[in-house]
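The block underneath contains the structure these notes are about, expressed in structure tokens.
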Amino acid sequence: MKKALGKWLLAAGCTGAALALLFCSASVGEGIRRGLAVCASVMIPSLFPFLILSDFIARTKLGRMLEHPLGGIAKHLYRCPRELAPAILMSWIGGYPAGARVLAGLVDQGSLTREEAGRALTFCVNSGPAFLVAVVGAGVLGSPGWGLFLFGCQLAAGLLTGRILCRGFSWRIRGRGGRRGSLSPAAGFVGAVSSATAGMLSICAFVLVFSAVSQLLGDWGLLTAWSGRLSCMTGGILTPPGAVCLLTGLLEIGGGCALAQGLPPGQGALVLPFVLSFSSLSVICQVIACFEKSGVEAGLFLRSRLVHGALTFLLAAPVLWGRFAAAPAMTGRPVLAPGSGGLLGALCIAAMLTILCSEVEGN
């Protein structure tokens, strides 16, 4: 009975999607154009260099090299094997899918089981510092320092999320090397660029899809209706525009942050801590897509996003609300500032090119 109901619901959903594409093509097109703008101005500049770096780490001996200086953090703070240190590092500096891509590479190489990857995802998915500092801090809250504050709260919440959801889990990764780090730096760099390009296209595709869905819901008046009810549920603390920002961010994080830029910072202080750590349905799909070959437990990952978002909210929202409750709205556009994430990404690429050149000269 449940399977039959599921099939009918799927058929109804596909029919509704087809009708929306036929009769609401203008809204869909507008949503896709908005998504393309987010990809060009935010996603690609802040993520692409780190996707290359994360793939390069997973394909070469660099990952094993990072285990020694960072292994203690993985073992004592996150209570997981030292071999997960590279994935933790990339989740810190690379943005949402970078750490997941390292984990997916370990699964494909046989160094990590599907179950272990699912557990590791509970603490290896974070918003990158480039996005938080340049877009959220400078563009929404008026200071890069507040972006760093949110970044610290997010890392602390991720640590707590991993402790909670991985409590009692028996890691079996120790002693298994598999084929990990088997490629030379030259081959690893070429493969990393190719894989990161495909991954970036997948990420942008999900951004476009959920931007179109968000635009449709907005044009149909559903976001406005739901936001009004949500505002009433909070006793007016969250205003209807703030609720629209929240609902949009739950669908697609870039669109939600763009709307937050036009809100009074006090409303952004209520919405952004949870949304940034929940990461949006778009990012959740991006992460799951990293494990296309092996699969991963989506239910556990979704629960971890809810826990991570709630903990970040508890850590950050009271401080931000106290600071920005009466502040006026910002008026600029949130863009990646030169010298923030771009400089770090450029240094990563320069380091890999140096390794590549030295390998070619050695041969």
Side-chain angles (χ1 to χ4, degrees), residues 42 46 77-78 88 91-96 99 122-165 230-231 233-239 241-280 283-284 302-330 334 337 340-341:
V42 177
S46 64
L77 286 182
Y78 289 86
I88 294 174
S91 73
W92 289 353
I93 67 174
Y96 295 113
T122 62
F123 53 82
C124 283
V125 177
N126 302 287
S127 179
F131 182 79
L132 286 173
V133 170
V135 177
V136 177
V140 178
L141 300 176
S143 170
W146 288 111
L148 288 175
F149 169 73
L150 270 173
F151 181 62
C153 291
Q154 192 177 82
L155 292 186
L159 173 62
L160 293 173
T161 300
R163 290 282 192 93
I164 294 170
L165 296 181
L230 187 58
S231 178
M233 290 173 59
T234 62
I237 297 177
L238 184 66
T239 64
V244 169
C245 176
L246 172 62
L247 295 173
T248 302
L250 293 179
L251 288 172
E252 202 284 299
I253 188 66
C257 288
L259 290 178
Q261 194 275 335
L263 295 174
Q267 289 296 299
L270 292 176
V271 171
L272 290 178
F274 178 82
V275 168
L276 288 166
S277 289
F278 176 76
S279 73
S280 80
V283 171
I284 290 172
L302 182 58
R303 290 197 299 274
S304 74
R305 295 299 87 209
L306 294 171
V307 174
H308 194 180
L311 290 174
T312 304
F313 178 84
L314 292 176
L315 291 172
V319 176
L320 293 176
W321 174 257
R323 170 62 179 82
F324 294 108
M330 298 287 292
S340 56

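For this chain, numbers begin at 1 and follow the sequence in order. Everything quoted here is computed from the prediction, not taken from an experiment.
When every heavy atom of Ile284 is checked against every heavy atom of Ser279, the shortest pair comes out as CG1-OG, 3.9 Å. Considering every non-hydrogen atom in both Leu276 and Gln154, the closest pair reads O-NE2, 3.5 Å. Here the closest non-hydrogen pair linking His308 and Ala157 is CD2-CB, 3.4 Å. Nearest heavy atom pair, residue Thr122 against residue Thr161, reads O-CG2, 3.5 Å. Taking both residues in full, the closest heavy atoms of Leu155 and Tyr78 are given as O-OH, 4.4 Å, listed atom of the first, atom of the second, then distance. In this structure, Phe149 and Leu315 approach most closely via the heavy-atom pair CZ-O, 4.3 Å.
When side chains are defined from C-beta on, Phe123 does not count as touching Leu159, because their heavy atoms never get closer than 4.5 Å. Residues Leu150 and Leu141 meet the side-chain proximity criterion, which asks for heavy atoms closer than 4.5 Å. A 4.5 Å side-chain heavy-atom check between Ile164 and Leu311 finds at least one atom pair inside the cut-off. Counting heavy atoms from C-beta on, the side chains of Val283 and Arg305 never come closer than 4.5 Å.
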Quiz item: Given the rule in the side chain to side chain contact (heavy atoms under 4.5 Å, CB included) test, do Leu306 and Arg303 qualify, once you have shown the distances and angles that lead to the verdict?
Solution: CA-CA 5 Å; Leu306 294 171; Arg303 290 197 299 274; 5.5 Å; no
Exercise. Go through Ser280 and Tyr96 one step at a time and tell me if the side chain to side chain contact (heavy atoms under 4.5 Å, CB included) criterion holds.
Key: CA-CA 10 Å; Ser280 80; Tyr96 295 113; over 6 Å; no
Exercise. For the pair Trp146 and Val319, evaluate side chain to side chain contact (heavy atoms under 4.5 Å, CB included) and give the outcome as yes or no after the intermediate values.
Key: CA-CA 10 Å; Trp146 288 111; Val319 176; 4.0 Å; yes
Exercise. Begin from the C-alpha positions of Phe151 and Val133 and carry the test side chain to side chain contact (heavy atoms under 4.5 Å, CB included) through to its verdict.
Key: CA-CA 8 Å; Phe151 181 62; Val133 170; over 6 Å; no
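Here Phe313 pairs with nothing under the ring pair (Phe, Tyr, Trp, His ring centres under 6.0 Å) rule; sequence neighbours left out. Checked against side-chain hydrogen bond (donor to acceptor under 3.5 Å, both in side chains), Ser127 has no partners two or more places apart in sequence or in another chain.
Remark: the backbone N or O of Phe274 is not paired with any side-chain donor or acceptor of Ser277 at under 3.5 angstrom.
Interatomic distance, CG of Leu272 versus CD of Gln267, reported as 10.5 Å (0.5 Å rounding).
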Counting only pairs under 3.5 Å, give me each side-chain donor-acceptor contact of residues 243-255, with atom names and distances, residues two or more places apart or in other chains.
residue: Thr248; atom: OG1; partner: Val244; partner atom: O; Å: 2.8
residue: Glu252; atom: OE1; partner: Gly254; partner atom: N; Å: 3.3
residue: Glu252; atom: OE1; partner: Gly255; partner atom: N; Å: 2.7
residue: Glu252; atom: OE2; partner: Gly254; partner atom: N; Å: 3.0

